2 protein chains.
Amino acid sequence: MKDVASAAGVALKTVSRVVNDEPGVHPDTAERVRAAIERLGYSRNESARVLRSGRTATIGLVIEDVADPFYSGLSRAVEDVAIEHGCLLMSGSSGEQPGRERELVLAFCTRRVDGLIVVPAGDDHAYLQPELETGTPVVFADRPPGPGLDVDTVLAANADGAAIAVRHLLGHGHRRIAFLGDQPTIYTAAERLRGYREALGPLFDERLVAMRGAAPGPVREELARLAALDDPPTALFTGNGRLTVTVLRALPGRQGHDGPYEAGRWRLPGGRPVALVGFDDFELADLLAPGVTVVAQDPAGMGRAAAELLFRRLGGDTGPSGRLELPVRLVPRGSGELPGPYAARA
Amino acid sequence: MKDVASAAGVALKTVSRVVNDEPGVHPDTAERVRAAIERLGYSRNESARVLRSGRTATIGLVIEDVADPFYSGLSRAVEDVAIEHGCLLMSGSSGEQPGRERELVLAFCTRRVDGLIVVPAGDDHAYLQPELETGTPVVFADRPPGPGLDVDTVLAANADGAAIAVRHLLGHGHRRIAFLGDQPTIYTAAERLRGYREALGPLFDERLVAMRGAAPGPVREELARLAALDDPPTALFTGNGRLTVTVLRALPGRQGHDGPYEAGRWRLPGGRPVALVGFDDFELADLLAPGVTVVAQDPAGMGRAAAELLFRRLGGDTGPSGRLELPVRLVPRGSGELPGPYAARA
DNA sequence: TACCCTCTTGACAACGTTGTCCACCCGGCC
DNA sequence: GGCCGGGTGGACAACGTTGTCAAGAGGGTA
């Protein structure tokens, strides 16, 4: 900027004024300055600007994993809203590790992001308190903050969605409905379990619950265990998108791999047909045979809602913090409509 | 930092030394300073640090769309390498618009990222020249830079991969092999077309080429056109992951939707069975019926390679810029092994 | 005791920008 | 002619950090 000033034969401050479109500069002078800027290929040093003004025009986003379609959809929506507000996005994946979540958040804070959107991995967020006190707005998405932290939060209707899935299966004549979910320490998994349990009421049977995560090994083991029960499930409810896919891979009745079974329905190990409803939609769910019935969340909607809340705060809204619960939607595609033993005759 | 200094009863510089683990501070003093830092909840202002040192410990990534699994996989790999080097990632989606690509790159530059990885949308990158001259290293990924720009580049073996796919289909007795690709203005699409054409040699027929992008409408139209030819294709080669999925959705012979056709093979509109090989792997390709044979790229490998090149430059490597071509891999799953009319008898 | 050396600490300038305040020029008015 | 006010431009400090350099303390040696 100094160079531009001397090249244009004006003072430093005049260049600053031109760059910031401030009033009080003669058009001719401004033109001379702009020419010098062009000639020297000058670009303002944002760090110095931040140092003075405190605004980075950058927001931070912490998610579990960009490579998970749920979070990449959310990411994209946040980015779009950020761009609308002239902001850029820094993002990081915590990989479900509380330590990494914390490191990312603090790294964003030292870089003085204007605001933060966090999908928490841990449940202790005391480390965020000082940042909140310095006035950095934070919005939690998908999972609520740990105790004692008072921030805006955007959640999906987890328990509701699970109940919808279970009632759908009950309505098709199923009474033995298994739940395969993520570790119950994860908020969304616990909530979905709660919805599942409440919707089942007295039909709830602990032996039909398997919450050992989405790794193929444990999923296979749990499916084998469920299939070997005296009174095995006639329907499965899977607790998230990754789990649904892992389960589908582990079921023997799938197309082109099924050996003795005819195509067109999913089966437990051993061969009994089984109905299936998954939480979370996923691409190609409609192309499988049969199509996979899901309770769909809207990741982009969640990202947009969180980002809009954040920018409302950045715009100066100091009202009490709120909690938003986004609705979910049942998408019937065939796998959840397989009639169970108690189905009403047509 | 000033507050910390006075709280600990030392000079500013001493605090700076402690914060940066510089030698020459008495352990007792350092302990006192650390206590004060803890007590005041101090965190270094990275902007000021950048202003002095010039390093932001941040790199920028411009891709087409984070929500596309190819790019989100690439993103994640870049992020992992960045974290290993103590860097954070800023990323943005250009949405295939050259103007947006440019804006993102320049926005990253004014924020003084240490380096950039770019999947270009446009083919004029003259605007990058000044940044290169100021010493910001740039790596192009997936597509090469426009003319005149001398930077490291990581590409997939696009033409090779297409040729592999075509030879695979030829080997199974197909002679009429159609190509459905993205707009030929996109580098990867053009390269794949080239590989397809070269592998077909005299069998190449312009009428079997459809390059109108991945939108469902045009894809459906092109499939209808191909099916109506006098000499219709017996095999399809699709030019990228999104296209493969769009084509699968548009084919009538799919499971649970097919009416008169038996399951287990893909069919053209009208009912003729058709073999299919796609460029790019995608999740669940193995669960479809039949499984979709693909030529798989490695998005994470590409991200890692690009990031490692970038950090080599940041580490001071000033050698001539290079071009890396990553191999691709044929994954047979059934759809590409359907025998064509010229298949050798068993 | 004088000297030198090392270890620790501090004062100060500088990074590039913006906010504050002041100086100047010009025309019009009393 | 003196004064005022608006329009323009510039000098300077400040943001929070780090690099440079020098000063002081303490110990060993001549």
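Letters go in sequence order (proteins before strands), and every chain restarts at 1. Everything numeric here is computed off the predicted structure, so don't read it as measured data.
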Q: Just how far, in rounded Å, is P of D/dT8 from CZ of A/R32?
A: 14 Å
Q: So do A/E96 and A/Q183 actually touch side chain to side chain, heavy atoms under 4.5 Å?
A: no
Q: Is the shortest distance from a Lys or Arg side-chain nitrogen in A/R32 or A/D28 to a carboxylate oxygen in the other one below 4.0 Å?
A: no
Q: Please state whether the rings of B/H125 and B/F140 are parallel, tilted or perpendicular, taking 30° and 60° as the class boundaries.
A: perpendicular
Q: Would you kindly give the CZ-to-P distance between B/R55 and D/dG19, to the nearest whole Å?
A: 13 Å
Q: Scan nucleotides 10-22 of chain C nucleotide by nucleotide, 5' to 3', and note B when protein non-hydrogen atoms come under 4.0 Å of the base, S if they reach only the sugar-phosphate, - if neither.
A: BB--BBBBBB---
Q: Please tell me whether A/Y71 and A/D142 have a donor and an acceptor in their side chains that are separated by less than 3.5 angstrom.
A: yes
Q: Find the bend of the helix from C/dT1-D/dA30 to C/dC30-D/dG1 as the angle between its two terminal axes (five pairs each), to the nearest 10°.
A: 80°
Q: So, the side chain of B/E101 versus the backbone of B/A121: is there a donor-acceptor pair under 3.5 Å, distance only?
A: yes
Q: Quick one about A/D152 and A/S321 (side-chain donor to acceptor, distance below 3.5 Å, no hydrogens or angles considered), yes or no?
A: no
Q: Name the nucleic acid region contacted by A/V50, choosing base, sugar-phosphate or nothing; use a 4.0 angstrom heavy-atom cut-off, strictly under.
A: nothing
Q: Output yes when A/E64 and A/R143 qualify as a salt bridge under the 4.0 Å nitrogen-oxygen rule, no when they do not.
A: yes
Q: Go through the side-chain N and O atoms of A/R111 and A/T58 and say whether any donor and acceptor fall under 3.5 Å apart.
A: no
